[in-house]
Amino acid sequence: MNASDVEEKEGIPEYDPDELRQPVRPLDSDCCGSGCNPCILDLYEQELKLARRRKAASNSNSNQLRMDEYKDFVLGDIIPVTKSTNLYRFKLPKGQSLGHKAGQHLVVQANLPENPNLTFTRQYSILSSPDITHHFDLLIKLYDDGLMSSVIREWRKGESISMRGPFGRFCHEPVRQKRLLIICQGTGVVPFVSVIKDILDNEEDETIIRMVYSVKCFEEILMKETIEEFCGFWNFSLKICSDVDIGSKRLYGPNKEIINSKLNKNLLSSEISEGTYTLLCGSKEYMNTMSTHLQELQVEKENIFRF
C-alpha cells in the first residue's frame, strides 16, 4: 500500500504535454510467478521512483514563493470542513507546484479593517504536499474574536490574497529520528499531514510514527479520511484525546484508539520510549504545557521540536 495510490478511473485522460508522465501500475495477475529478475512489479516500483525524482526536480525549478516579497495568489475555492474550519484552495500556474517543503508555512498579509493603509499578518501551515501541482491548500480555523478571521470570512472566490514564504526549518532525518512522536491540537495537525505522507510514501523510510491528537470533540477531528488512510500503514498509529465523551463515534481502520480525556502527563508518559523525537504543534499554551510534561518525563530538550 502506498499513500499516493489513487483509484483507477474509467477512460483514458487526454494527453497533457505539461504534465510529468506517471507509470501505470500493472495488475498483480500480470506477474507470471516465475521469479523473473526484475519482476514486472519491481519494474513498476523502479519507474515510480524515477517519476518522483523527475517531479521533485521539476518542483525545485517552479518555486512560486519568495520569503522576502509578497505575491498574490487567486483563491479558487472555499470548502467547509467543520462549523469553524474551512479549506482554502489557491490557484497555481498549470503544472507548477508551490515550492515548499513538508511541514512549512506561509505568512498571509491583510489590510487592517478600520484602516486600509495599515497591514497585519498571520502565519498558516500549508496543508498540501510539496508535489501537488495546479493548486495549494490552507486549512484555517476562524475564531469569533479573531482579527484575521474577520478578514478571511470576507474572502471570496477569485480574490487575490498576498502571501510570502515558505518558512519552517523542520527536516526529517530517518537515521536520527527513527521514532517520531507527533503531539498536536486542533489545526496543529495541518503541518504534519505532508510530513507523514512524505515518510509513508518513501518505502525505504522505516520511521515509526505515533500521533497523539487533542480535539475538543469528535466533529473537530480534521482530515479524518487522510488520517484513516495513514492508519493502514504498519509504521503509523494514532491516539485521539477528546475533551468530551464521543460515545459510539469511531474512525475506521486499524492502529488507533480514542480516549475520552484531555491529554495529560500521565497519558503522555505511556508514549515515551528511548530514541523518540517529538514534534509539537498547537496553541502556545498547549505547546508550553506539553513541552513541560515531556521534559519532566526525561525527554531531552534537543529531542523536542515546536512548529
Side-chain angles (χ1 to χ4, degrees), residues 3-4 52 55-56 58-82 85-110 121-142 146 148-149 151-152 155 157 159-172 180 182 184-202 209 211 213 222-227 229-230 279-283 287 305-307:
S4 62
R52 286 174 181 161
K55 194 164 191 177
S58 174
N59 289 346
S60 67
N61 296 321
S62 62
N63 197 332
Q64 296 296 308
L65 288 166
R66 291 195 60 175
M67 296 175 67
D68 58 353
E69 182 179 323
Y70 282 98
K71 182 172 181 178
D72 288 344
F73 293 92
V74 176
L75 180 58
D77 203 0
I78 302 173
I79 304 170
V81 178
T82 70
T85 306
N86 297 322
L87 184 148
Y88 298 88
R89 177 157 293 174
F90 293 88
K91 298 179 180 180
L92 290 172
K94 189 174 182 180
Q96 299 291 294
S97 61
L98 185 60
H100 67 293
K101 295 179 181 179
Q104 291 191 307
H105 63 273
L106 297 172
V107 172
V108 177
Q109 184 188 64
T121 62
R122 293 291 185 272
Q123 300 178 62
Y124 295 106
S125 295
I126 304 165
L127 177 63
S128 309
S129 293
D131 60 350
I132 296 297
T133 58
H134 304 322
H135 71 268
F136 69 93
D137 298 333
L138 300 180
L139 189 64
I140 301 175
K141 180 171 182 174
L142 304 180
M148 183 62 85
S149 294
V151 172
I152 294 177
W155 283 0
K157 296 179 185 179
E159 185 174 348
S160 294
I161 310 300
S162 296
M163 307 182 200
R164 64 184 179 93
F167 299 94
R169 53 187 175 82
F170 173 72
C171 181
H172 174 51
L180 285 180
I182 295 174
C184 54
Q185 172 198 44
T187 52
V189 72
V190 174
F192 299 128
V193 172
S194 59
V195 170
I196 294 169
K197 185 176 185 300
D198 265 12
I199 295 172
L200 298 182
D201 270 348
N202 185 353
I209 306 170
M211 187 165 82
Y213 186 16
L222 303 175
M223 305 302 296
K224 287 188 182 72
E225 292 183 2
T226 299
I227 291 175
E229 291 176 5
F230 290 163
L279 308 179
L280 297 177
C281 192
S283 68
M287 289 196 291
F305 187 95
R306 297 169 61 132
F307 277 72

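As the structure is a computational prediction, the values presented were derived from the model and not from experiment. When reading the values below, keep in mind they use all heavy atoms of this one structure, side chains included, and skip hydrogens, waters and symmetry mates. We're numbering straight along the sequence, starting at 1.
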Problem set entry | Set of residues satisfying side chain to side chain donor-acceptor pair (under 3.5 Å) with respect to Ser162, sequence neighbours excluded | Asp72
Problem set entry | Aromatic ring proximity Phe90/Tyr88, centre distance under 6.0 Å | no
Problem set entry | Note, Phe305 side chain near Leu279 side chain (heavy atom, < 4.5 Å) | yes
Exercise. Minimum heavy-atom separation for Gly188 to Cys281, with atom names?
Worked result: O-CB, 3.4 Å
Problem set entry | Residues in side chain to side chain contact (heavy atoms under 4.5 Å, CB included) contact with Cys184, at least two apart in sequence or another chain | Ile182, Val189, Phe192, Met211, Tyr213
Exercise. With sequence neighbours left out, what residues match Lys157 under salt bridge (Lys or Arg N to Asp or Glu O under 4.0 Å)?
Worked result: Asp77
Exercise. With sequence neighbours left out, what residues match Asp198 under side chain to side chain donor-acceptor pair (under 3.5 Å)?
Worked result: none
Exercise. How about Lys101 and Phe170: do any of their side-chain heavy atoms sit closer than 4.5 Å?
Worked result: no
Exercise. Which residues satisfy the side chain to side chain contact (heavy atoms under 4.5 Å, CB included) test with Leu87, sequence neighbours excluded?
Worked result: Ile79, Val81, Arg89, Leu127, Asp137, Leu139
Exercise. Can you tell me how far the CG atom of Asn202 sits from the NE2 atom of His172, to the nearest 0.5 Å?
Worked result: 8.0 Å
For this session: Not counting sequence neighbours, which residues clear side chain to side chain donor-acceptor pair (under 3.5 Å) with Thr82? List them please.
Result: Thr85
Exercise. Looking at side-chain heavy atoms only, is the closest gap between Leu92 and Thr133 below 4.5 Å?
Worked result: no
For this session: State the CD1-CD1 distance between Ile209 and Ile199, to the nearest 0.5 angstrom.
Result: 4.0 Å
Exercise. So does Lys141 have more than 12 non-hydrogen atoms from other groups sitting under 6.0 Å from NZ?
Worked result: yes
For this session: Identify the heavy atoms of Gly99 and Pro166 that sit nearest to each other, and give their distance.
Result: O-CG, 4.1 Å
Exercise. How many angstroms lie between CD in Glu229 and CD1 in Ile196, if you round to the nearest 0.5 Å?
Worked result: 12.0 Å
Exercise. By side chain to side chain contact (heavy atoms under 4.5 Å, CB included), which residues pair with Lys91, not counting sequence neighbours?
Worked result: Val74
Problem set entry | Pairwise distance CZ(Arg169) to CZ(Phe307) - rounded to 0.5 angstrom | 9.5 Å
Exercise. Would you say Phe136 and Met163 make side-chain contact, with heavy atoms under 4.5 Å?
Worked result: yes
Seminar exercise, completed: Separation between CG (Leu65) and OG (Ser97), nearest 0.5 Å, reads 9.5 Å
For this session: Identify the heavy atoms of Ile78 and Pro80 that sit nearest to each other, and give their distance.
Result: O-CD, 3.7 Å
Exercise. Is there a donor-acceptor contact under 3.5 Å from the side chain of Ser194 to the main chain of Gly103?
Worked result: yes
Problem set entry | Counterpart residues, side chain to side chain contact (heavy atoms under 4.5 Å, CB included), relative to Met148 (two or more places apart) | Val108, Ala110, Phe120, Arg122, Tyr124, Val151, Ile152
For this session: Say whether, by atom type as modelled, one donor and one acceptor occur between the side chain of Gln123 and the main chain of His105 under 3.5 angstrom.
Result: no
For this session: For Glu69, enumerate each residue passing the salt bridge (Lys or Arg N to Asp or Glu O under 4.0 Å) test, keeping only those at least two apart in sequence or located in another chain.
Result: Arg66
Problem set entry | Side chain His135, main chain Ser128, donor-acceptor under 3.5 Å | no
For this session: Using the test side chain to side chain donor-acceptor pair (under 3.5 Å), find all partners of Tyr70 that sit at least two apart in sequence or belong to another chain.
Result: Arg164
For this session: Rounded to the nearest 0.5 Å, what's the gap from CD1 on Ile132 to NZ on Lys197? Could you check?
Result: 6.5 Å
